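It should be emphasised that the depicted structure is a prediction, and the values quoted were computed from it without experimental measurement. Whatever order the structure lists them in is the order used to number ligands and atoms, beginning at 1.
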Amino acid sequence: MRFRRILFCATLALTTLSARAQENVITINAKKPGATIQPTMYGIFFEDVNYAADGGLYAELVKNRSFEFPDHFAGWDISGRVTLMDDGPFNRNPHYVRLAPPGHREKHSMIENHGFFGIAVKGGEEYRFSVWARVPDDGNAKIWIDLVDNATMEEDQKLGNVGLDISGKMWKKYTAIIKPKRTFAKAHLRVWGDGKVTTDLEHVSLFPVKTYRGHENGLRMDVAQTLEELHPGVLRFPGGCIVEGTDMKTRYQWKNTVGPVENRPLNENRWHYTFTHRYFPDYFQSYGLGFFEFFQLSEEIGAEPLPVLNVGMACQYQNGDDAHAPATKEGLQQFIDDCIDLIDFANGDPATNEWAKLRADMGHPAPFNLKFLAIGNEQWEQPFFDRLAIIAPEVRKVHPEIKLIGTSGPNAEDDHFHNGWKAMRELKADLVDEHFYRDIQWYKDWMNRYSDRTFYTKDGPRVFVGEWACHDRGKKYNHAGASIYEAAFMTNIERNADLVHMATYAPLFAHMEGWQWRPDLIWYDNLSTARTTSYYVQQLYMMNRGTNVLPTTISLNGGTPVANPVEKGKDGVFASAVIDKDKNEIIVKVVNTQEKASTTSINVTGLKLKTSPSTAELITLDCSNYDAENVPGKPEVVSPQSSTIAITSEKGTLTLSPTIPAKTFQLFKVKL
Ligand code: AHR
C-alpha cells in the first residue's frame, strides 16, 4: 500500500514536471499598440467560376433567358410552332422566339426552361415572372406560365401557374407573380400560348421576389447572406482569369455589364472549357450580375469595392505571349479608357460625366467611393510590365487619388514572382497582388513569409494577398485539416499588418453540381448553402480584426520568446494579438497545428486597468477531424463554439491558462 502511494506521488510529480516542461508562454505587450490594421485587411474574392454568378449568387432562375447562347435553344425544350427570330428590341441581344398557332385546337406552342441544374422554388414564396412580349399582327393574346415538376406522381405537374394577357404590336415588359404550392429544387418553367394568336417573347425571366435587400435584378438571399455574415473588408471582382478571358474577344468588359439587363450582351465563360475533365458547355455570362450590382453589393455588406480590369492581355497560360493588344498608347487606349471610365462610373458627378450619369440612372446617384483599382490579373514578365507602364501613368494623371494594384504573377516564389515585384516597385504600384494555392507543407515552410523584411521593404508597395487557399490531399470541397494552416498563416499576416493591407481567400463560391475548382469558401446547391471550415476561419479574423497589432511573442518550453519560435516546415503553436480601440477589447488568436494539445499561458502585459476583467470569451474552431466538411443540405459538422475562460490578474498583467487542443484555432476576447 505504502509502495503504491509512493509510486502514485512519483508519477504525479513526473506528470506535472512534463506538463510544465511542455508549457508555451504567449506574451502580449498592450502598452504600445503597433501598426494599424487596415479595414480592408480580410476580404473576399469573387469570380464567376463554379457557377458563382448565373446559377449562384445572381438570383435569376432562367438559363439563356435572351436566347443568345450559340445554341439559341440551349436550356430550353420547345414544342409546337416555335421559331427563333433575330430582330428583337435589344440590339445587343437581338434574338427572341415566336410562338405561332400550331394549327390544331388541341396543340400548343410552348417553351420550357430547365434553369441551372433545375429551378429551385420554395412552397408559399412569391416568384416574379417577367417577359418582353408583343402580338406581331396586333390584337390580344394570352400566355400561360407554369412551374412544373416533370416527374411527379401527382395528377398535375404544375406547382404553380399564372396567365398573362399580351396586347398590341409594340414590345412591352409584362410581369406576373407565381406562388408554388410546395418546395422543389428542380422545377422547370413552361411558357405556352393560347394557340390562337402569334406571340413574340424576349428576355424570359424568373426571380424570387425575396432577393437580398429586395432588388428586382437581385441576388439570392441565402447566398448573399453568407457574405454579409462574413463582414469582409474588401470585395475583389470579377476575378481571376475571367478578367483575361481565353482570348481578347471574350475577356471581361465591364462596360458590357452595366445599363438595362436586357441589353447586356452575353459573353462566354472561360470556365466552360478550361478543364476538359470538368466540362460545362452551357456556362456563359449573362452579365446580369455586373459592375453596378458589384458596387451595390460591396456597399451593402460594408466592403471596399476592389475591381480588377484587363491590362490589354489575354490569359498567358492559354495564349503564351501572342494574343495581346499592342503595347503602345494607341493600342492600349481602350484599356486606359476602361480604367478611367470605371472610376468615373463609381465616383463621378452625374451632372458632368456620362458614366456617372449611367450610375445615377441605374438608381445610385451618390458615389460608391471607389479607392482601389487592380490592373491585370495573374500576368507576368515583360509583356505585362510594358503594358502596365503605359496604362498606370495615364490613369494616375486623371485619378491620382486611386490606389493602383499590380501583380506578381501566378506563383509566390519563382522568378516570375521576383521579377514581378521588382517591376512593380519600379512602376510604384501601391499594392502588389500575390497568389498562392499551395499544400500544407508549403504553408508550414512559409509561416514567416511576411516577417522577411529583406524582401518586403518598408518603402515598397504594400501586399495584397489576392488569391490564396491551402489545398491538400484528397479531393474535398473544403478540408478542415487544411483550414487550420490557413488560420496559422493568418497570424503571420496579422502580425505584419504594416505590410499586408489585404488578403482575400479564393475562390469564394461553388455550386455542388457545377464546380470546376475546389476547395472553395462557400458551397451551395439550388436550395441551401454551406459555410466551410475555411469560411469560419475567415469569419473569425474578419469579425475580430481589431484596429492595431499588439507585439506578441511565444516562448516554447522555456525557450527564447520570439514572434514565431516554430521551426520552418514544422507544426507548432502560432499566435497574434490585436487591440480594438473602438470596442476597447483585446483579441488573441492562437492556432495549434500539432497532433497534441498544448498547455499555454497567455499573459497580456502593460495594461492600466481600473477594474480587472475576470473572464474572457473563448471561441474554438476544432479542425482535428481532417475530413470533416460542411455540405449544403446536411447538418453542419464543424463550426465555432463559444465559451468563457477565467482570467487572473496581477499588477497590470492579465493571465489566461488554456489548453489548446490539437489542430485547433482558438480566439480569446478580453473586454477591458
Ligand atoms: O481562382 C481560380 C483561378 O486561379 C483564378 O481565376 C486565377 O486568377 C488563378 O489562377
- Message: Students should be able to answer this: which protein heavy-atom is nearest to atom 6 (O) of ligand 1, and at what distance?
- Response: Glu47 OE1, 2.5 Å

- Query: If you look at every heavy atom in Ala314 and Thr246, which pair is closest and at what distance?
  - Reply: CB-O, 4.3 Å

- Task: Give a yes or no on whether the ring-centroid distance for Phe455 and His418 is below 6.0 angstrom.
- Result: yes

- Closest to atom 10 (O) of ligand 1 among protein heavy atoms sits Glu378 OE1, 2.8 Å

- Does the ring centre of His364 sit less than 6.0 Å away from the ring centre of Phe295? no

- Message: Quick check on Asn377 - does any of its heavy atoms sit under 4.0 Å from an atom of ligand 1?
- Response: yes

- Query: Strictly under 4.0 Å, does any heavy atom of Tyr437 approach an atom of ligand 1?
  - Reply: yes

- Task: State the atoms of ligand 1, each with its element, that fall below the 4.0 Å cut-off from a heavy-atom position in Trp517.
- Result: 2 (C), 3 (C), 4 (O)

- Message: Are Trp271 and Tyr283 an aromatic pair, judged by ring center distance below 6.0 Å?
- Response: no

- Query: Under 4.0 Å from any heavy atom of Glu467, which atoms of ligand 1 are there?
  - Reply: 1 (O), 3 (C), 4 (O), 5 (C), 7 (C), 8 (O), 9 (C)

- Any Pro507 heavy atom less than 4.0 Å to ligand 1: yes

- Message: Give the atom numbers and elements of ligand 1 that come within less than 4.0 Å of a heavy atom of Gly240.
- Response: 5 (C), 6 (O), 8 (O)

- Query: Are Trp271 and ligand 1 in contact, using a heavy-atom cut-off of under 4.0 Å?
  - Reply: yes

- Message: Can you tell me which portion of Cys241 lies within the under-4.0 Å heavy-atom range of ligand 1? Options are side chain, backbone, both, or neither.
- Response: both

- Task: With Asn411 as reference, evaluate Arg438, His435, Glu378 under the side chain to side chain contact (heavy atoms under 4.5 Å, CB included) test and give the passing residue.
- Result: Arg438

- Note on the structure: Sorted by chain and number, sequence neighbours left out, ring pair (Phe, Tyr, Trp, His ring centres under 6.0 Å) with Tyr541 holds for Tyr42, Phe665

- Verify whether the ring centers belonging to His501 and Phe464 lie closer than 6.0 Å. no

